[in-house]
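To start, the structure itself, in structure tokens.
Worth saying up front: this structure is predicted, and the values here are computed from it rather than measured. Throughout, protein chains are lettered first and strands after them, A, B, ... in sequence-line order, and every chain is numbered starting at 1.
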Amino acid sequence: MPDYHPQDLDRKWQLRWAESRAFEVSADPSRPKFYCLEMFAYPSGHAHVGHLRNYIIGDVVARTKWMRGYNVLHPFGWDAFGLPAENAAIKSGIHPEVSTRDNIAHMKGQLQRLGISYAWERELATCDAEYYKWNQWLFIRMFERGLAFRKKSSVNWCPVDKTVLANEQVVDGGCWRCGTPVETRDLEQWFFKITAYADELLDATKHLTRWPEKVLTMQQNWIGRSEGAYVKFPLDPESGVPSAGHIEVFTTRIDTIFGATFVLLGPEHPLVAQFAERSKDPAGFKRQAHAFRMQDRAARMSGDIEKQGFDTGFRATNPFTGQAVPIWVANFVLGEYGTGAVMAVPAHDQRDFEFARKFNLPIRVVVTPDGRSAASDSMTEAAPAYGTLVDSGEFSGLGSEDAQKRMTEWALGRGIGEGTVQFRLKDWGISRQRYWGTPIPMIYCDRDGIVAVPDDQLPVRLPPLAQFTGRGDSPLAQVPEFVNVTCPRCGGPARRETDTMDTFVDSSWYFYRFADPRNDAKPADPAALKYWLPVDFYVGGVEHAILHLIYSRFFARVFRDIGLVDHSEPFTQLLTQGMVLKDGAVMSKSKGNVVDPDTMLQKYGADALRLYVMFVAPPEKEVEWSDAGLEGSFRFLSRVWRLVDHWAGPLADRSTQRDDAPLDAAGKALRRKTHDTVRRVTMDIEQRQQLNTAVSALMELVNELYSFSEETATGSPARHATAGAASATQERAEVVTVVAEALDALVRMLAPFAPHTGEELWERLGHRGGLSAARWPAFDAAVAKAEQIVIPVQVNGKVRSRLTVPADTTEAELERLALADPPVMAHTHGKTVRKVVVAKGRLVSVVVQ
RNA sequence: GCGAAAGUGGCGGAACUGGCAGACGCGCCAGACUUAGGAUCUGGUACCCGAGAGGGUAUGGGGGUUCGAGUCCCUCCUUUCGCACCA
């Protein structure tokens, strides 16, 4: 057998897998399915080893599941729309479609050279019209159900480039391209009504038992449910307010309402404009309010901003106390949360406290720990804790929680308030004034208003674009043939929507499309969806913990409500893999610390790279790249190679193998190690996803096989003593038997990590049909268990001796043996044995004195 | 500020429900085989005392529960991540 040349094996087996279409699957209800998915890739150009970790983890699981007898769906695709390609086009003039296709081709080659077991026939790219057609179809279904709607909202606006900026494109409060301070503008945008599912998305997190706790907490915080009440504060006509009416506030602390000594409006609040007109100095009023609004996004990026505010001069009435309270405008009140107005309770809210002290507004203490009235003079900070109500009229003496219930009822009875639930989660704005995305399939007609493009006219294709300037509004508005259409309803002249969809729409349902990616009548056939979905195992970076994973959970519910699927959660198990660092930093082109996988593949082959990345740390952890570690993995594979080489001769003739052959001690020990390794590796991969310890278990088995080879006088595999080994073991059927069992198991368990080497060695061990025909090794729990075990004996908590005993030794017998053991007696001599604790099969603990 | 996770040899990391801390690998040291080896194999490698047998100390610091704690509880420190004026 030739020396280990992994590069040749890579080529050989990758070609074979492609020719035999080894990983293509079809739905087969007679077999259990397993849908293994790694987050699809943004085709940025070249993948570095950090990107690849994700795919290797998925591949180890997928390949193991194949061998475990599952019908495994393991597809891959490209999240191909997006800003970087368009920005590159603005710089270089190369059309995003061209650069994207180039990048896809390159990255696909990288994944194939790594030997990832993808069903390439199902490959998709979101920039294919055959894919984004269904974005549009889904958008229209959502529009019909009121889940897609238009709304005016505040966006970041660069006055120089005349374009909307995503939050990520605002750098230190300025435009990322020209540095101009960003303004806030109100624009009509398309939204998805994700808030309709806020409660459900939150509640269901408790059923996601196979998701990382961390991701669930992040989602829970993001959704941010808080229970409270709306309360109406009537405007005080005596203060000269422009109209009758009220200010509605949202509060989670209605129990403190007797301490509400003023009301705060956010600068966006509709009443602010009305008050401005009626104020003594309308221009000054507007100027201040405007200043707050400009402050908002820009200032928040750069850290804390000082609490500022001004008195409107108008008043409202606290409906509980009946007292008039001044109305102020404050920069820290958010327009988009609650009602955009708050009742200020300076005694019990830190922000209100600071505000009151700064502007000398009254502070009333209405909740105390002991139920006794207190003055506010000596307070240095707010007292937000729950307690007993004081100076709160008929509610005085109640505990905070009790009071919240009673006061909400009281308000409801008088029609001035009601209990409510608020979410931090906002509706999802999906309009982008960009070219490289899915056109929103809507038409504006002067007569018929907003009209959806009829299904039979889908897809609305992205037109070619002559120039990428990066200036002005939506680039699609520059293409008259695209914009000017006839209204599908009345046939009159109409305009197309020129915004495109957020690319997160594309990635929110691609896992459904994989079930049936060429369907041209539906997003996917319901029967295929029913068989393959939900995804059993999903791998990706934590950076998607919130956006992508919440949007996908939202889309799953939309699919459900449209009747396409009958589940609610798309991903049963989620694994968030850690990043690969180099020199302590995330790999990135700009930092120049990128490790190029192709260089590594040329040097060590795909298997060593895969094995190293799996072995270096548990999948969720961050790892520091090490060339030396990679070499270690290469050495290990060479070691396995030589081991198989060493035994290939004796094992060639399997007829000498006899399962009933009597085993000597060494044989038994090897057999036990083999079975125990199968047990450990199976559990590590399938249940714990602890792939690093699975690899170390395999290394232990290899070490054991090397020792065994020495002991059985067949010589060391290190020295290629092939001929000698063959004759020496010819008549030793039991040796052949246990070694064959060990190597067969070893090679099959190694295969998910190192598939090329695995296939080659499996063949060399005399098996036909390749690993796709091989089954995962089984283990016998009785064999895996040791006959003789070592029991440590502690005296006063310190290990003083070790007993080697049969595994089934009784507790009484263990106690007797321990106390009679000379090293133990040396420590118990002359002392009183107070207590003996026997943990069966584990340890004996003796307490003396 | 709020929330979450994590602190174990020179390094990456093991230790399943409390039960021999440091598996496995990297690095390092010694030996073997070699013309040579940066190939390969074998042995060693937490720290301190001791020639040795052996003894002592160790899982961020301090305290607690327990026959027994890396693991459970309290407290403090550090690091990383997420949300950050959410009323």
Side-chain angles (χ1 to χ4, degrees), chain A residues 3 212-222 224-226 228 249-253 256 260 264 266 300 303-307 330-334 336-345 348-352 354-355 384 422-426 542-543 545-546 612 615-618 620-633 635-636 638-639 642 680 683-684 687-688 690 692-700 702-703 706-707 710 716-720 790-799 801-802 823 834-848:
Chain A
D3 284 344
E213 199 58 45
K214 177 188 175 157
V215 172
L216 295 177
T217 339
M218 280 165 71
Q219 293 213 351
Q220 284 153 6
N221 293 341
W222 187 263
R225 180 190 152 103
S226 61
V249 303
F250 171 69
T251 178
T252 55
R253 292 298 304 273
T256 64
L264 295 172
R300 214 167 282 164
D304 294 12
I305 51 174
E306 209 194 325
K307 287 181 180 45
N331 64 342
F332 65 89
V333 177
L334 304 170
E336 69 267 25
Y337 186 76
T339 60
V342 300
M343 63 177 210
V345 185
H348 304 294
D349 181 282
Q350 186 57 24
R351 294 155 304 181
D352 299 344
E354 287 168 27
F355 196 84
Q422 285 292 310
F423 293 95
R424 194 184 157 283
L425 181 73
K426 289 181 239 160
V542 243
E543 64 273 20
I546 296 176
Y612 164 64
F615 174 62
V616 67
E620 305 83 11
K621 272 202 80 153
E622 265 182 2
V623 296
E624 172 71 29
W625 176 264
S626 139
D627 285 347
L630 176 56
E631 273 180 59
S633 292
R635 272 204 291 274
F636 170 70
S638 311
R639 219 163 124 80
R642 284 193 305 272
R680 283 170 62 188
M683 196 176 81
D684 283 350
Q687 278 157 48
R688 306 203 301 159
Q690 184 102 334
N692 55 328
T693 49
V695 176
S696 54
L698 293 174
M699 288 173 166
E700 283 184 44
V702 169
N703 290 345
Y706 266 72
S707 311
E710 291 274 359
S716 167
R719 287 186 266 291
H720 293 281
V790 177
I791 302 284
V793 183
Q794 294 183 340
V795 179
N796 285 353
K798 290 206 164 67
V799 177
S801 180
R802 293 184 173 81
R834 278 273 145 79
K835 193 173 181 181
V836 181
V837 180
V838 181
K840 193 165 185 286
R842 291 185 187 273
L843 143 157
V844 178
S845 180
V846 180
V847 187
V848 295

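- When all heavy atoms are compared, the tightest approach of A:Leu264 to A:Ala330 is CD2-CB, 3.9 Å.
- Distances were taken from every side-chain heavy atom of A:Pro792 (C-beta onward) to each of B:C20, B:A87, B:G82; the shortest belongs to B:C20.
- Residue A:Arg680 places no side-chain N or O under 4.0 Å from the OP1 or OP2 atom of B:A23.
- Considering only side-chain N and O atoms, A:Arg642 lies nowhere under 4.0 angstrom from the phosphate OP1 or OP2 of B:A39.
- No engagement by A:Lys840 is indicated, since no non-hydrogen atom pair under 4.0 Å with the nucleic acid exists.
- In this model, the phosphate group of B:A14 is approached by a side-chain N or O of A:Gln690 to a distance below 4.0 Å at OP1 or OP2.
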Annotated protein contacts, base or backbone, on nucleotides 64-71 of chain B with a non-hydrogen cut-off under 4.0 Å, one of B, S, - each: ---B----
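- Whole-Å rounding puts the A:Leu425 CG to B:C86 P distance at 17 Å.
- To the nearest angstrom, P of B:G3 lies 19 Å from CH2 of A:Trp222.
- Nucleic acid contact for A:Ser633: none, since no nucleic acid atom lies under 4.0 Å from a heavy atom of the residue.
- When rounded to the nearest whole Å, the span between CD1 of A:Ile546 and C1' of B:C83 equals 8 Å.
- At whole-Å resolution of the value, CD in A:Glu354 and P in B:G1 are 14 Å apart.
- Scanning both residues, A:Leu843 and A:Ile791, for their nearest heavy atoms gives CA-CG2, 3.7 Å.
- The side chain of A:Arg225 places no N or O atom within less than 4.0 Å of a non-bridging phosphate oxygen (OP1 or OP2) of B:C86.
- Of the possible polar contacts, one joining the A:Gln219 side chain to the A:Ala545 backbone as a donor-acceptor pair under 3.5 Å is found.
- A:Tyr706 has its OH atom 16 Å from the C1' atom of B:A32, to the nearest Å.
- Regarding contacts with the backbone of B:A23, every side-chain N or O of A:Asn703 stays at 4.0 angstrom or more from both OP1 and OP2.
- Look at CZ on A:Arg424: it is 12 Å from C1' on B:C85, rounded to the nearest Å.
- Checking B:C41, B:G82, B:C20 against every side-chain atom of A:Val799, the shortest atom distance belongs to B:C20.
- Contact check, A:Lys621 against B:G12: no side-chain N or O comes under 4.0 Å of OP1 or OP2.
- Of all heavy-atom pairs between A:Val345 and A:Asp352, the closest is N-OD2, 2.9 Å.
- Nucleotides B:A5 and B:C73 are separated by 11 Å at their P atoms, to the nearest Å.
- Side-chain nitrogen and oxygen atoms of A:Lys798 include at least one within less than 4.0 Å of the OP1 or OP2 phosphate oxygen of B:U57.
- For A:Lys214 against B:C81, no side-chain N or O and base N or O form a donor-acceptor pair under 3.5 Å.
- B:C24 and B:U35 are spaced 36 Å apart, taking the C1' atom of each and rounding to whole Å.
- Syn is the conformation of B:G9, whose glycosidic angle sits no further than 90° from 0.
- Between the side chain of A:Arg639 and the backbone N or O of A:Met699, no donor-acceptor pair lies under 3.5 Å.
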As a check on the pairing definition, encode RNA chain B in dot-bracket form, counting Watson-Crick and G-U wobble pairs whose two distances are under 3.5 Å, and using | for partners outside this strand. (((((((..(((......[....)))((((((.......))))))((((....))))..(((((..]....))))))))))))....
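- Residue contacts for A:Gly632: at a heavy-atom cut-off of 4.0 Å it reaches the sugar-phosphate backbone alone, with no base atom in range.
- Applying the 4.0 Å criterion to OP1 and OP2 of B:G25, one finds that A:Arg639 has every side-chain N and O outside that range.
- For the OP1/OP2 pair of B:G18 and a distance below 4.0 Å, the side-chain nitrogens and oxygens of A:Arg842 include no atom meeting the criterion.
- Checked against the 6.0 Å centroid criterion, the rings of A:Phe332 and A:Phe355 qualify as a close aromatic pair.
- Between A:Lys214 and A:Met218 the shortest side-chain heavy-atom distance falls below 4.5 Å.
- Separating the CG atom of A:Asp627 from the C1' atom of B:G38 is a distance of 15 Å, rounded to the nearest angstrom.
- For A:Thr693, counting side-chain heavy atoms from C-beta on, the closest listed nucleotide (B:A23, B:C26, B:C20) is B:A23.
- When each of B:G13, B:C86, B:G19 is scored by its nearest atom to the side-chain atoms of A:Ala839, the top-ranked nucleotide is B:G19.
- Within the 4.0 angstrom heavy-atom criterion, only backbone atoms of the sugar-phosphate kind lie near A:Glu622; the bases stay farther away.
- With B:G12, B:G3, B:A87 as the choices, the nucleotide that has an atom nearest any side-chain atom of A:Phe250 turns out to be B:A87.
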Show your working on side chain to side chain contact (heavy atoms under 4.5 Å, CB included) between A:Glu354 and A:Gln350 and close with a plain yes or no. CA-CA 6 Å; A:Glu354 287 168 27; A:Gln350 186 57 24; 3.2 Å; yes
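- When the nearest nucleotides of RNA chain B are assigned to A:Asn692 and A:Thr251 by heavy-atom distance, the more 5′-ward of the two goes with A:Asn692.
- Contact annotation: A:Ser226 reaches the phosphate of B:A87 (side-chain N/O to OP1 or OP2, under 4.0 Å).
- Put simply, the side chain of A:Thr252 does not reach to within 4.5 Å of the side chain of A:Gln422, judged on heavy atoms.
- Residue contacts for A:Arg834: at a heavy-atom cut-off of 4.0 Å it reaches no nucleic acid atom on any strand shown.
- Between A:Ser638 and A:Met343, the residue whose closest nucleotide on RNA chain B is further toward the 5' end is A:Ser638.
- Of all the heavy atoms in A:Glu213 and A:Thr217, the pair that sits closest is O-OG1, 2.6 Å.
- Picking from B:A87, B:C24, B:C16 the nucleotide with the shortest atom distance to the side chain of A:Met699 gives B:C24.
- Nucleic acid contact for A:Asp349: none, since no nucleic acid atom lies under 4.0 Å from a heavy atom of the residue.
- Among the heavy atoms of the strands lying under 4.0 Å from A:Thr252 are primed sugar atoms or P, OP1, OP2 only; no base atom is included.
- Side-chain contact of A:Arg424 with A:Asn221: a donor-acceptor pair under 3.5 Å is absent, judged by distance alone.
- Distance A:Lys307 NZ to B:A87 P: 14 Å, rounded to the nearest Å.
- Between the C1' atoms of B:G44 and B:G56, the separation comes to 22 Å (whole Å).
- The shortest side-chain heavy-atom distance between A:Trp625 and A:Leu630 falls under the 4.5 Å cut-off.
- Side-chain atoms of A:Ser696 lie closest to B:A23 of the nucleotides B:A23, B:A4, B:G12.
- Among B:C85, B:A15, B:C20, the nucleotide with an atom closest to any side-chain atom of A:Arg351 is B:C85.
- Here the nucleotide nearest the side chain of A:Pro618, chosen from B:A14, B:A87, B:A23, is B:A14.
- The shortest non-hydrogen separation linking A:Ala617 to A:Val623 is CB-CG1, 3.1 Å.
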